[in-house]
Novice: 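Take a look at the following structure, please.
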Amino acid sequence: MFKEIEEKWQKAWENARIFEAEPNERQKFFITIPYPYLNGNLHAGHTRTFTIGDAYARYMRMKGYNVLFPLGFHVTGTPIIGLAELIAKRDQRTLEVYTKFHDVPMGDLIGLTTPERIVEYFAKEALNALKRIGYSIDWRRSFTTMDPPYQKFIEWQFWKLKELGYIEKGSHPVRYCPNDQNPVEDHDLLMGEEASIVEFTVIKFRLENSDLIFPCATLRPETIFGVTNIWLKPTNYLIAKVDGEKWVVSKEAFEKLKFMDRDLEFVKEVDGREFIGKRVMVPLVNRLVPILPAEFVDTDNATGVVMSVPAHAPYDYVALRDLNAKIEPIVIISSGNKDVPAKEVVEELKVKDQNDPELEKATKMLYKKEYHTGIMLENTGKFAGMKVSEAKDKVEKELKELKLADVFYEFSEKPVVCRCGTKCVVKLVEDQWFLRYSDEHWKAKVLEHLERMRIIPEYYKEEFRNKIEWLKDKACARRKGLGTKIPWDKEWLIESLSDSTIYMCYYILAKFINSGELKAENITKEFLDYVLLDKGSLELAKSSGLSKETIEKIKGEFQYWYPVDLRSSGKDLVANHLLFYLFHHVALFSEKHLPKAIAVNGYVSLEGQKMSKSKGPLLTMKKALEIYGADVTRLYILHSAEYDSDADWKSREIEGLASNLERFYSLVSDHYSRDPEKITTLDRWLISRFNRAVKEVREAMDKLQTRRAVNYAFFEIMNDVRWYLRRGGKNLSLILDDWIKLLAPFAPHICEELWHLKHSTFVSLESYPEYDPSKIDEHAEKAELYIAKLLEDIKEVMKFVEKPKVVYIHPAEEWKCKAFEIANEKGIGEAMKWLSMQNIDKAEIANFSKKFRSAELIKDEKKIIEENIEFFERELQIKVSLDSSKIPVERKRLAMPGKPAIFVSS
RNA sequence: GCGGGGGUUGCCGAGUGGAAAAGGCGCAGGGCUUAAGACCCUGUCCCGUAGGGGUCCGCGGGUUCAAAUCCCGCCCCCCGCACCA
């Protein structure tokens, strides 16, 4: 454990303010990671994303960039309020999760009954952990999203978006608890977390000679051409006035309609059976069809009234079969079927009656098949020949335009139950504010900018393209939670994914805010227009009440630092935050201030188990630091997985790493100050190998491949160092300065400590080792490989000798090397020609030429062996001799360039 | 279903046309040690009494002198499909 060392250098860095970035003449590099949301302690997932960011920040700093690496805290939204309520209620499960997994002492926890206290508590905890892990963050720029200046900033942002026409009103369906009178999120649910909101099309069938409407709910409006009848369950229904029309709906449907922004009025209860046998008009098709009874109708699904398309809906087909009704299915879609499609699938699955559970499967099979491969037949009028997927949308659109259809929202799975025990409903929230992400021009601009960006890993660019196209309008206002009010409509709060899209530029303001130079009241529209957008003028910006100098200074710093050069984030934010980040920047900022690069990393699981903030298991950053310390934790998480692949935190592995790091520490302390001795081939080998590693590490880090980087910077070099010492190397200190620097971005504390054994500067500010191709020594590398291979071969041979006494080694004769050299330069033909002119036994030549492939030319083989004979003897614990006279001829013959003959006597 | 990623030796994972398998973890043996831990070495697909031979990268085909790598077909796994941070 390196606790003292780590804390010592954390203090030293803080006192020397080395991570506080100010504009200067150097090239800047602005790196950000998403600020954490403070409804709990930071965990291993944060540890991964943040450590990648910090390692890169440190790397870039050592490469000579002026690096800005700031971090704030996100507190807007509902979860913090939800948590405060749960704690106030003494919710058992919450108390358990937070004491057990978030490592919050019960005594502290029960006091956290207001959002303010939660924010205060977890902000402090987060800051402690983030400092204890030694991130090179400029803490002068920290803030939370509830700070008044931040809110002023967000208000400005929303005014701007509104002016651009990117915000407008609309309505939106949400999952809603009628008891709590609130939208519910996944973690508010007792049951039905997987349920999504499905949009049913309700087609209005008018009763013959009446103004009663039977609203049939369907997911397949295109099948309207095949309707032969409609279904009612033989039970009670209600007649209700819905937006002026008289609808017949189930009781459950009536309850649901109350939440769908309708003009709704109860008329009377009726027995569904009354209508059986009467006829309704199929809209668009204008055909009269009968109303029939069916048990399979679920009154708790949508309207409880269903249209019947026996040719394409297995339920309808079977229900008619059960009734023995003389009704012929009308086939309107072709998908390679020979007979009536519903009949085919029903017979294939041997469905017995309408209560057979197989029907669900049959329905899904047929739906899938027809949706993807089906073509509309001639009897569908102008939709004939269209693909089903296309016709579906067109029919629906037309019906809606003719006021013959409506929308009804329903859950995909049921029941959906709130934690309060109430059954949830779909509520249509009206007058909701939307961000118009579907805007084609906006999208086009984002896509265009994406092409200029660097996305890491590269294949995520395609993912981003797809997600940008898929993105729809997003409700950006909430009734409940923490946040900034929509400036022109104070009833609403700005939703938390929408108030965190361009805050990276706020880090530049935050420094001035925290120093007291800039106050909330100074942050006026004109000020931000001028500073961030270079619009308006200095004169107008004086509305902020700030001096000209201050305004220009802030603006200058913004122009120096912006844009963000790299945003490094977990992959869970790709489909939301990172998209919004791009959209908002593109909408507001000029091209030169748009994001340059995005990097994405994967999740962290614990011993194979998914982590969960709200349920556990969870490993907090704090706990990891207590057990393993900063450098071990950092090195481990950086090495555990690459890019977006998920990491699995295994305590066994991190313990192994801890001992590796200790070994590094003692190894370096032992050798660092030793006086240099004469440089040998072995030393040149070490330097050569080290240089290759430097190249790898730099290439890896330039692509944010921290796993590969740590692998080379730490493990591979460690292996070479072990071999070097085993071979009797004396000058390890030759590489130690550079090795410490090479590792500094990953394990900064230990490196700082070791560095100071010899230096008085901060290694964190030293320049990163450069790859020097002139230090690559091919000969030395070949020689070491030769020795290793020879050692291995001798051991292999010794295995087969019972009591080995002496190992005789015989390198290939001069003529073999010469012939091989000729073969390499001029081809085998020339070599053979040359060989035939030498005075050498023909059989020898034939034997030798067969084995050309296994040879490799190495200079001075004999000399290499001679110089290392002691090493071989030490390793093998046996006498080693170059006296070839003791070797039998048939063994001697095996000697090839690079592969000496070996004979072990017993 | 759509979109993105993936299937390599006990496990995690490198490796994208030239003798497959870096590195980590685990396991086994040996060394060191009073002992344990740490540390060092060796082995870890199969066969082999001389450094060797064989098998092998989800499955099945194909291209090539040469395929984990390229092409075609198939199977399986993970993630996203939202309004939630």
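In what follows, chains are A, B, ... by sequence order, proteins preceding strands, each numbered from 1.
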Novice: What's the CG-C1' distance between A:L725 and B:C39, to the nearest Å?
Specialist: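 Atom-to-atom, A:L725 to B:C39, this comes out as 13 Å.
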Novice: Give a yes or no on whether A:E890 atom CD has more than 12 heavy-atom contacts from other residues, nucleotides or ligands under 6.0 Å away.
Specialist: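 Above 12, so yes.
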Novice: Who does B:G1 pair with, Watson-Crick or G-U, both distances under 3.5 Å?
Specialist: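 B:C81 - that is the nucleotide pairing with B:G1, both distances being under 3.5 Å.
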Novice: Return the residues of residues 32-42 of chain A meeting this criterion: a heavy atom under 4.0 Å from some atom of RNA chain B. Order them by number, or give none.
Specialist: A:Y37
Novice: Identify which nucleotide among B:C83, B:C84, B:C81 has an atom closest to any side-chain atom of A:W470, counting heavy atoms from C-beta outward.
Specialist: B:C81
Novice: Is the positively charged end of A:R479 above the ring of A:W492, judged by distance under 6.0 angstrom from the centroid and angle within 45° of the axis?
Specialist: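 Here A:R479 passes the 6.0 Å and 45° test against A:W492.
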Novice: Identify each atom pair where a protein N or O and an N or O of nucleotides 2-9 of chain B are less than 3.5 Å apart, giving names and distance.
Specialist:
unit_1: B:G3; atom_1: O3'; unit_2: A:N466; atom_2: ND2; d: 3.2
unit_1: B:G3; atom_1: O2'; unit_2: A:N466; atom_2: ND2; d: 2.7
unit_1: B:G4; atom_1: O4'; unit_2: A:E463; atom_2: OE1; d: 2.7

Novice: Which part of the nucleic acid does A:D473 contact within heavy-atom distance under 4.0 Å: base, sugar-phosphate only, or nothing?
Specialist: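 It contacts base atoms.
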Novice: Does a side chain donor of either A:K613 or A:N39 reach within less than 3.5 Å of an acceptor in the other side chain?
Specialist: yes
Novice: Check the distance between B:G24's C1' and A:L635's CG and give it to me in whole angstrom.
Specialist: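 These atoms are roughly 12 Å apart.
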Novice: Choosing from B:G23, B:C84, B:G80, which nucleotide comes nearest the side chain of A:A575?
Specialist: B:G80
Novice: Taking side chain as C-beta onward, heavy atoms only, is A:T76 less than 4.5 Å from A:M146?
Specialist: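 Yes; the side chains approach each other to less than 4.5 Å.
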Novice: Between the protein and nucleotides 41-52 of chain B, are there any N/O to N/O pairs under 3.5 Å, and if so, what are the atom names and distances?
Specialist:
unit_1: B:C41; atom_1: OP2; unit_2: A:R722; atom_2: NH1; d: 3.3
unit_1: B:C41; atom_1: O3'; unit_2: A:R726; atom_2: NH1; d: 3.4
unit_1: B:U42; atom_1: OP1; unit_2: A:R726; atom_2: NH1; d: 3.3
unit_1: B:G48; atom_1: N1; unit_2: A:E796; atom_2: OE2; d: 3.3
unit_1: B:A50; atom_1: O2'; unit_2: A:R891; atom_2: NH2; d: 2.6
unit_1: B:A50; atom_1: N6; unit_2: A:V904; atom_2: O; d: 3.1
unit_1: B:A50; atom_1: N1; unit_2: A:V904; atom_2: N; d: 3.1
unit_1: B:G51; atom_1: O2'; unit_2: A:D793; atom_2: OD1; d: 2.5
unit_1: B:G51; atom_1: N1; unit_2: A:P900; atom_2: O; d: 2.9
unit_1: B:G51; atom_1: N2; unit_2: A:D793; atom_2: OD2; d: 3.4
unit_1: B:G51; atom_1: N2; unit_2: A:P900; atom_2: O; d: 2.8

Novice: Quick one: does A:E873's side chain have a donor or acceptor within less than 3.5 Å of a partner on A:V880's backbone?
Specialist: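 Yes, A:E873 side chain to A:V880 backbone: donor-acceptor pair under 3.5 Å.
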Novice: Within this structure, what is the CG-to-P distance between A:D646 and B:C78, rounded to whole angstrom?
Specialist: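 Roughly 12 Å, once rounded to whole Å.
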Novice: Go nucleotide by nucleotide along RNA chain B from the 5' end; which of A:S496 and A:L471 gets its closest nucleotide reached first?
Specialist: A:L471
Novice: B:U69 and B:G6: how far apart are their C1' atoms, nearest whole angstrom?
Specialist: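 Pairwise C1' distance, B:U69 against B:G6, rounds to 15 Å.
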Novice: In this structure, how many angstroms lie between the P atom of B:A14 and the CD atom of A:E699, rounded?
Specialist: 17 Å
Novice: For nucleotides 25-31 of chain B, just jot down a letter per nucleotide in 5' to 3' order: B, S or -, based on protein non-hydrogen atoms under 4.0 Å.
Specialist: SSS----
Novice: Could you check whether atom NZ of A:K795 has more than 12 heavy atoms from other residues, nucleotides or ligands sitting under 6.0 Å from it?
Specialist: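 Result for NZ/A:K795: enclosed.
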Novice: Does A:R727 count as lying over the ring of A:F871, i.e. NZ or CZ under 6.0 Å from the six-ring centre, within 45 degrees of the axis?
Specialist: yes
Novice: Give a yes or no answer on whether the side chain of A:T501 reaches the backbone of A:H584 with a donor-acceptor pair at less than 3.5 Å.
Specialist: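 A pair under 3.5 Å: no.
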Novice: Let me know the distance between CG of A:D572 and C1' of B:A82, rounded to the nearest Å.
Specialist: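 These atoms are roughly 13 Å apart.
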Novice: Which whole number of Å gives the distance between the C1' atom of B:C27 and that of B:C45?
Specialist: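 Roughly 16 Å separates the two C1' atoms.
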Novice: Flag this pair as yes if the NZ/CZ of A:R567 is under 6.0 angstrom from the six-membered ring centre of A:Y581 and inside a 45 degree cone about the axis; otherwise no.
Specialist: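 Yes, A:R567 lies over the aromatic ring of A:Y581.
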Novice: Ignoring hydrogens, what is the shortest heavy-atom contact between A:F73 and A:A126? Give both atom names and the distance.
Specialist: CE2-CB, 3.7 Å
Novice: Would the distance check show the side chain of A:Q877 and the main-chain N or O of A:R874 forming a donor-acceptor pair, the cut-off being under 3.5 Å?
Specialist: yes
Novice: Not counting sequence neighbours, which residues clear side-chain contact (heavy atoms from CB on, under 4.5 Å) with A:R692? List them please.
Specialist: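 Residues passing side-chain contact (heavy atoms from CB on, under 4.5 Å) with A:R692: A:I776, A:E778, A:E781.
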Novice: With both distances kept under 3.5 Å, what pairs with B:G10, Watson-Crick or G-U wobble?
Specialist: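 Checking every strand shown, B:G10 finds its partner in B:C25, with both distances under 3.5 Å.
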Novice: Give the rounded distance in Å between these two atoms: NZ of A:K613 and P of B:A85.
Specialist: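 Whole-Å distance recorded here is 11 Å.
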Novice: Using the C1' atom as the reference point in each nucleotide, state the distance between B:C77 and B:C72 in Å, no decimals.
Specialist: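 My reading of the C1' atoms in B:C77 and B:C72 gives 22 Å.
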Novice: Provide the Watson-Crick or G-U wobble partner of B:C70, both distances under 3.5 Å; none if there is no partner.
Specialist: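 Checking every strand shown, B:C70 finds its partner in B:G62, with both distances under 3.5 Å.
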Novice: Taking the P atom in each of B:A21 and B:U44, what is the distance between them to the nearest angstrom?
Specialist: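 Nearest-Å result for B:A21 against B:U44 at atom P: 12 Å.
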Novice: Applying a 3.5 Å limit to both distances, which nucleotide forms a Watson-Crick or G-U wobble pair with B:A38?
Specialist: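 Paired with B:A38, as far as the under-3.5 Å criterion goes, is no nucleotide at all.
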Novice: Pick the C1' atom in B:U49 and in B:G53, then give their distance to the nearest Å.
Specialist: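 The same atom, C1', in both gives a distance of 15 Å.
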Novice: Provide, to the nearest angstrom, the distance between the CZ atom belonging to A:F580 and the P atom belonging to B:C84.
Specialist: 12 Å
Novice: Grab the two heavy atoms, one from A:F714 and one from A:N660, that are nearest each other, plus how far apart they are.
Specialist: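 Distance-wise, the nearest heavy atoms are CZ-O, 3.6 Å.
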Novice: Between the side chain of A:K392 and the main-chain N/O of A:E222, is any donor-acceptor distance below 3.5 Å?
Specialist: no
Novice: With rounding to whole Å, what would you report as the distance between B:C56 and B:U9 at their C1' atoms?
Specialist: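 Roughly 8 Å separates the two C1' atoms.
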Novice: For A:E390, check side-chain contact (heavy atoms from CB on, under 4.5 Å) against everything at least two apart and list the hits.
Specialist: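 A:E390 satisfies side-chain contact (heavy atoms from CB on, under 4.5 Å) with A:M386, A:K387, A:K394 only.
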Novice: Hey, is the side chain of A:S640 poking within less than 4.0 Å of OP1 or OP2 on B:C12, counting only N and O atoms?
Specialist: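 Checking A:S640 against B:C12: no side-chain N or O falls below 4.0 Å of OP1 or OP2.
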Novice: Determine the contact category for A:H74: base if any of its heavy atoms lies under 4.0 Å from a base atom, sugar-phosphate if only primed atoms, P, OP1 or OP2 are that close, otherwise nothing.
Specialist: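 Here A:H74 touches the backbone only, sparing every base.
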Novice: For atom P, what is the distance between B:C78 and B:G37, given to the nearest Å?
Specialist: 40 Å
Novice: Taking atom P in both B:A68 and B:A19, compute the distance separating them and give it to the nearest angstrom.
Specialist: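 One P to the other, the span is 12 Å.
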Novice: Classify A:R478 by what it touches in the nucleic acid, base, sugar-phosphate, or nothing, heavy-atom distance under 4.0 Å.
Specialist: sugar-phosphate
Novice: Verify whether one side chain among A:T484 and A:D499 offers a donor that lies under 3.5 Å from an acceptor in the other.
Specialist: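 The criterion, which ignores hydrogens and geometry beyond distance, is not satisfied for A:D499 and A:T484.
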Novice: Without decimals, in angstroms, what is the distance between A:L493 CG and B:C84 P?
Specialist: 13 Å
